[in-house]
Amino acid sequence: MQRRWLDLFDDAVPLRDRVARAFSEDGPLSGVTASFRPRAGQTEFALAVAGAIEGKETLLAEAGTGTGKSFAYLLPALLSNSTVVISTAGKPLQDQLFQKDLPALQAALGITIPVAVLKGRANYVCPYHLERLEEEGYLPERDSFHKLRQIRRFCDISPTGDRSELPDVPEDDPLWPLVTSTRENCLGKDKCPHWGNCFVRAAREKAMASRVVIVNHHLYLSSLELKNASGGQIDGMLPQADLTVFDEAHQLPGIASDFFGSCFTTWQLEKIAEEARALGLNHARDGADWSLLMDRASKAAKDLRIAVMDLGLKEGDRRAVKSIEGFAEKLTEPFAELLKAFGAIVKALEANAGRNDELDVLGAWAQEVDAELGLWEDIIKGLAARDARAAGNKTDEAEAVADAAPDGVAADDAPGGEKKGRAATVEWIAVTATTVRFHITPLSFADEFRTLRESEGGAWVFTSATLSAAGDFRHFAASVGIDEPMGLTWESPFNYWEQSCFYLPRLPAPVNTIEHSKRVADAAWPLVEAAGGRTFFLCTSLAAVQRIAAELEVKLDEIGNRWPLLVQGQMPKAALIDEFRHHGNAILVGSMSFWEGVDVRGEALSLVVIDKIPFAPPDDPVFAARSDEIRSRGGSPFGLLSLPEAIISLKQGAGRLIRSETDRGVLMICDSRIADKGYGRTVMKSLPDFFKTRTLEKALQFFQDPHAWHDGLYTKDSAA
């Protein structure tokens, strides 16, 4: 530790005073980067974290882009000598914290503390399953042999076994599930011959011994579940924390809903049949009969997908469907025969003194499949037993709900729900291009999270650039079980008034989604031309992505395809963003997955076009069930659920535009309800302080004559 900063770790001095000094102009952070300067928002945020640590309190901290959130919670944690668990929504922030922010802070303070990044077990190579695959020789693709050799070499030399450190094998390669473990097929300490060099074990042991542990939301919840399942007998995978930080906290409710719910897919059923074919043919004496069993199981899974599609559902649909009953019976018999045949193989191996590790593999697989099929039966029974939703009574928010309804769904037709006394879950199905997903989703996990905070103790910080609707934190707080939230907001230090322009075109309300998509493309095109491409179109549905992309393709053809057009689905999201950056003048059209977690700085992104306010469709089964629950308590689903969620998503989308102090750009939102509806004022209050205009000429001036535009910023009535 550097002598100069010894007093910063003096517990006799209040933590808030030490934090204030660390963020001062001549403090240790001034040496982190040459461009460091004190920022009021960052310092105030850090002081609030210090207060939460000292008082073991819960803090909701909304901090705009550029505030410096990570330093604001990391530095008080380090100065207080706290054990910290930091949970993020995604890998990019994990990497930033581990590889950049924490090393920079430790260097500035002259300290060295143990830090660990812990991921789910599927991220680590399993030496046992790798060895088994090499021995059995069953490989999923023609070039898998070469990739398997790369994985073997990596396993032999890597200190972590983290597969992200082997970029030569794509993360979606079908080899990875075969050389990693699951909770069900892990042999454990007593049986695994490779326990001594198990990467998962080593990663968890390192995490338990570290002062700062970085995880993702899903893994944090897994640790919680592991602890709860053991009745508190084991400590899960994480150390006891003095401070728990959820960064990117706005994603936590959605991730928790998925985690605490159940999901099964027709793809999983087909995968079971494929895996059984590979495992069974190695041991079955009558290969023809075994193949027949597999074919029957595989056909049953595919027939199920076809049957659901015959109900009139199409890609992207999410529905609660009662007529699902009868499907379970079509699957039960072929898969029951499959497991019976597998049991016979295991017994035959046992009778013939088969290898113990061979029996373990087959037995673990059969146990995992039995659990998956049990989950399948539970979900199907829940779907089949689901009562038809009664039409909900119209309430004061009916007009606003009608505004949010998708094309062809009137507010009166939107499903109502079961009233008080119904189960606290919703059962529904979703259709993708390749599979049907069957879900049971809890309406809330607030009670579980409230119990967690009370039992774990310590300080808690939930932070994001988007936690509130116009400063109101009640929606997020209720979703994570915080009854009396201490919510604080710090605006971004960026000068949005001079760096950007918000343009609200005079378009009809987005009632007909097909016509609206064409209007969006037509209205935005002059700005796209003025910006020289360099545009994101952020859409609220996949259908809108395809329609707007088709309109843009026609316009680009007319001008000789001057700029590249990138459309969601052409390649993985990360590859699309890399292409967008590489070209420097591209147009990208994407849906909700592109509204957040995308950081494109500089001129490559100069125009963000949002098709409309991202209200959840009223007929979405999870949204409808949660609306019913709010209504049963006498509340307004629009005010307490629909509007806050839409605003948080809209703020994320708008946040793609200005990512640094030198960025410039135009935000165009093609939804006249912002001006025409009463709730539009709340929407506007939630956005940064953009210069605002409703005239195309003024928005075009931003690109065509930036000096004249800037000179007119402070002219009376300039924002016509």
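This structure is a prediction, so every number in the text was calculated from the model and none was measured.
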Cation over ring, R318 on W428, under 6.0 Å and within 45°?
yes
Pair E171 + R163, salt bridge at N-O below 4.0 Å
no
Please name the residue in the list T463, D101, T88 that meets the side-chain hydrogen bond (donor to acceptor under 3.5 Å, both in side chains) test with S70.
D101
For a quick check under 3.5 Å, do Q150 and H146 share a side-chain donor-acceptor pair by atom type?
no
For L175 and L148 the tightest heavy-atom approach is CD1-N, 3.7 Å
Under 3.5 Å, is there a donor-acceptor pair between the S87 and H217 side chains?
yes
Electrostatic pair D173-K147, nearest N-O below 4.0 angstrom:
yes
Report yes if the distance between the aromatic ring centroids of F246 and F449 is under 6.0 Å, otherwise no.
yes
Sub-4.5 Å side-chain heavy-atom contact between V567 and L588
no
Does CD in E165 sit with more than 12 non-hydrogen atoms of other residues, nucleotides or ligands closer than 6.0 Å?
yes
Does atom NZ of K299 have more than 12 heavy-atom neighbours from other groups under 6.0 Å away?
no
Below 4.0 angstrom, N of the basic side chain to O of the carboxylate: do R153 and D156 qualify?
no
Ring centers of H250, F476 separated by less than 6.0 Å:
no
Which pair of non-hydrogen atoms, one from A122 and one from T180, has the smallest distance, and what is that distance?
O-CG2, 3.4 Å
Can E248 and S464 be counted as having a side-chain donor-acceptor contact under 3.5 angstrom?
no
Within a strict 4.5 Å, meaning less than it, do heavy atoms of the D162 and F199 side chains meet?
no
Any cation-pi pair here, K573 with F594, using under 6.0 Å and within 45°?
yes
Between N123 (side chain) and G120 (backbone), is there a donor-acceptor pair under 3.5 Å?
yes
Hydrogens and angles aside, do R437 and T265 bring a side-chain donor and acceptor to less than 3.5 Å of each other?
no
If we only count heavy atoms from C-beta on, is the T244 to Y220 side-chain gap below 4.5 Å?
yes
For A116 against A207, the heavy-atom pair lying closest together
CB-CA, 3.9 Å
